Amino acid sequence: MKMNDLPPIIGGGSRPPESEVRDARESWRQWLDSPAGRYALAWEQAQFDATVADIFGFHALQCGLPEIDTLRENRIQHRFRALQPDDQPANADLWLDHYEAMPFASQSLDLVVLPHVLEFAEDPHQVLREVDRVLRPEGRLVVSAFNPVSLWGARHLAGRAVGRPWLPGEGQPIGLPRLRDWLKLLGFEQERGRFGCYRPPCRTERWLERTRFLESAGDRWWPICGAVYLICAVKRVRGMRLVGPALRRRRLRRPAVAVASSGQVQREGEARTAIPEDAGRAGQILAQARYR
C-alpha cells in the first residue's frame, strides 16, 4: 500500500503549518536516535513484548513510533501499523494525517497500541475517544508515555525555562493519574502498568552505562519516578443480562362459591338447632330460652 493510494484524513479545527509539524517530527526522530532515546526505546520494546504476548483477538493496530514493533510478540493474525506521512522508516500499512480520526468501523479492533501518541497529539482526548469507538468490548489499549514526575521530567521543565528542553519541546508529558482519569471517564479499567528508565538524563552512552545500577535501586526505592511508563487498560461495557424468555403467566381462577337455596339454609338452620331426643331436661330449657 503506497502513500498516494490513500487520501489524508483531515479533521476539523485549525492545524499548525506543515513546516512546523515537519520540524517537530524531525526533532522527535533525532531525539530517539540519541543515546537516551535508544535507551528508552529498548526498555519500551521489552515491555511491549511482555504486555501484548497474551492478548488475543482478530485485529490489532499500532499507531506511530515506527522505530519499534510493538506487536511483534502478539499472536493476533491481522496486525496493522498506522503512521503519519513524515514518519520514517516508511513501513506502514495505513497512512493517517492525524490520529484523531481513524478509518475503522466502530467496535472492529481488539488491540490498539499508542506509543507516545498522546503527548504529541493536538487533542489527546479526541484520540482516546476515537480509540474507544473502534475498540470492541473487552478490547485492550496499551499506552506508553513520559512521566513528568521523574528526573527526566524535572530536567525537561528546567530546560524549557531557558529554552533548552531535554525532551522534544513540542511534546507535553502526561502524568499517570491524569491519564487514569481520562480512561475512567471513557469506561476503561486499568489492568496493569509498569514504570522504567530510572537512570538520570545523560546525553552520552558512557554516563548512561555508569548509572546502570540505578535501574534496580529506582525500581525498589522510588518506583513511581521512572522516566517512562506503560499502562494496559480494558474497555468495559455494561449490558443487561437476559435470564430467559418472558412467558405470559396464567391467571389463577378462584374456585366458584356454591350458592345454597333458602330452603336448604332453613333446613340446615333447623338441623343445627334441633335437640336430640335423648337430651336431658336442662338442654331443652336452654334451647327454648335461646329461640324465644
Side-chain angles (χ1 to χ4, degrees), residues 1-3 5-6 9 25 28-29 32-33 37-121 124 127-146 171 174 179 183 186 188-197 228-235:
M1 184 179 297
K2 299 181 180 180
M3 184 186 304
D5 294 341
L6 291 176
I9 300 176
R25 294 174 182 170
W28 171 236
R29 287 194 296 267
L32 290 176
D33 196 35
R38 293 193 298 268
Y39 161 57
L41 287 179
W43 182 87
E44 291 187 38
Q45 183 67 77
Q47 298 304 317
F48 279 119
D49 292 344
T51 302
V52 305
D54 297 330
I55 299 179
F56 301 95
F58 298 96
H59 301 89
L61 173 68
Q62 172 186 344
C63 297
L65 201 63
E67 286 76 11
I68 61 176
D69 186 3
T70 62
L71 301 176
R72 68 180 185 180
E73 295 295 330
N74 186 260
R75 285 172 280 183
I76 294 179
Q77 182 178 2
H78 303 286
R79 293 171 292 186
F80 307 96
R81 177 180 294 185
L83 300 178
Q84 294 178 325
D86 293 334
D87 287 333
Q88 296 178 1
N91 51 349
D93 302 304
L94 185 65
W95 296 97
L96 300 180
D97 187 41
H98 53 88
Y99 301 112
E100 284 82 358
M102 300 182 184
F104 298 101
S106 299
Q107 300 184 2
S108 59
L109 301 179
D110 300 280
L111 171 62
V112 176
V113 183
L114 302 179
H116 297 283
V117 171
L118 300 179
E119 300 154 299
F120 298 93
V127 175
L128 291 178
R129 285 192 292 265
E130 189 68 8
V131 171
D132 177 66
R133 181 187 67 83
V134 301
L135 267 183
R136 294 179 178 177
E138 302 300 321
R140 263 62 175 184
L141 169 64
V142 184
V143 180
S144 67
F146 291 110
I174 301 175
L179 180 59
L183 295 176
L186 294 174
F188 284 87
E189 179 181 345
Q190 180 182 349
E191 188 177 38
R192 48 187 160 173
R194 180 76 176 177
F195 286 92
C197 298
V228 187
Y229 66 87
L230 183 142
I231 182 176
C232 179
V234 185
K235 178 182 177 181

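Model, not experiment: these values are computed from the prediction. Note that the numbering runs from 1 along the sequence shown for the chain.
Distance alone, capped at 3.5 Å, is enough to place a donor-acceptor pair between the Gln45 side chain and the Asp69 backbone. Counting only distance, with no hydrogens or angles, the side chain of Arg38 and the backbone of Asp33 share a donor-acceptor pair below 3.5 Å. Between the Tyr99 side chain and the Glu130 main chain, no donor and acceptor come within less than 3.5 Å of each other. The main-chain N or O of Asp110 is never found under 3.5 Å from a side-chain atom of Arg140 such that the two would form a donor-acceptor pair. In this structure, Gln62 contributes its side chain and Pro115 its backbone to no donor-acceptor pair below 3.5 Å.
Here the CD-CH2 distance, from Gln84 to Trp95, works out to 10.0 Å after rounding to the nearest 0.5 Å. Taking CH2 of Trp28 as the reference point, atom CD of Glu119 lies at 6.5 Å (rounded to 0.5 Å). With values rounded to the nearest 0.5 angstrom, Lys235 atom NZ is found 12.5 Å from Leu183 atom CG. Annotation: the span from Asp93 atom CG to His78 atom NE2 amounts to 12.5 Å, rounded to 0.5 Å. The CZ atom of Phe56 sits 5.5 Å away from atom CG of Asp54, with the distance rounded to the nearest 0.5 Å. Between the CZ atom in Phe188 and the CG atom in Leu135 there is a gap of 5.0 Å [rounded to 0.5 Å].
In terms of heavy-atom proximity, Glu44 sits nearest to Ser144 at OE1-OG, 3.2 Å. Of all non-hydrogen atoms in Glu100 and Ala121, the two that sit nearest each other are OE2-CB, 3.8 Å. Minimum heavy-atom separation, Ile68 to Arg81: O-NH2, 3.6 Å. Listed here is the closest heavy atom pair of Cys63 and Met102: SG-CE, 3.9 Å.
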Under the side chain to side chain contact (heavy atoms under 4.5 Å, CB included) rule, what do Glu73 and Thr51 come out as? Steps first, then yes or no, please. CA-CA 9 Å; Glu73 295 295 330; Thr51 302; over 6 Å; no
Run Phe58 and Arg136 through side chain to side chain contact (heavy atoms under 4.5 Å, CB included) and show every step you take. CA-CA 11 Å; Phe58 298 96; Arg136 294 179 178 177; 3.4 Å; yes
Using the side chain to side chain contact (heavy atoms under 4.5 Å, CB included) rule, take Val228 and Gln47 through it: C-alpha gap first, then chi angles, then the decisive distance, then the call. CA-CA 11 Å; Val228 187; Gln47 298 304 317; over 6 Å; no
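In this structure, Arg72 and Asp49 have side chains that are in contact, with non-hydrogen atoms separated by less than 4.5 Å. Counting heavy atoms from C-beta outward, Leu96 and Pro103 have side chains that approach closer than 4.5 Å. When side chains are defined from C-beta on, Thr70 does not count as touching Leu65, because their heavy atoms never get closer than 4.5 Å. Put simply, the side chain of Tyr229 reaches to within 4.5 Å of the side chain of Ile174, judged on heavy atoms. At least one side-chain heavy atom of Leu111 sits under 4.5 Å from a side-chain heavy atom of Leu71. Between Ile76 and Val52, every side-chain heavy-atom pair lies at or beyond the 4.5 Å cut-off.
Classified by interplanar angle (parallel below 30°, tilted 30° to 60°, perpendicular above 60°), the ring pair His116/Phe146 is tilted.
Residues satisfying the salt bridge (Lys or Arg N to Asp or Glu O under 4.0 Å) test with Arg79, not counting sequence neighbours, are none.
With Leu141 as the fixed residue, the side-chain contact (heavy atoms from CB on, under 4.5 Å) test singles out one of Leu109, Ile231, Leu128: Leu128.
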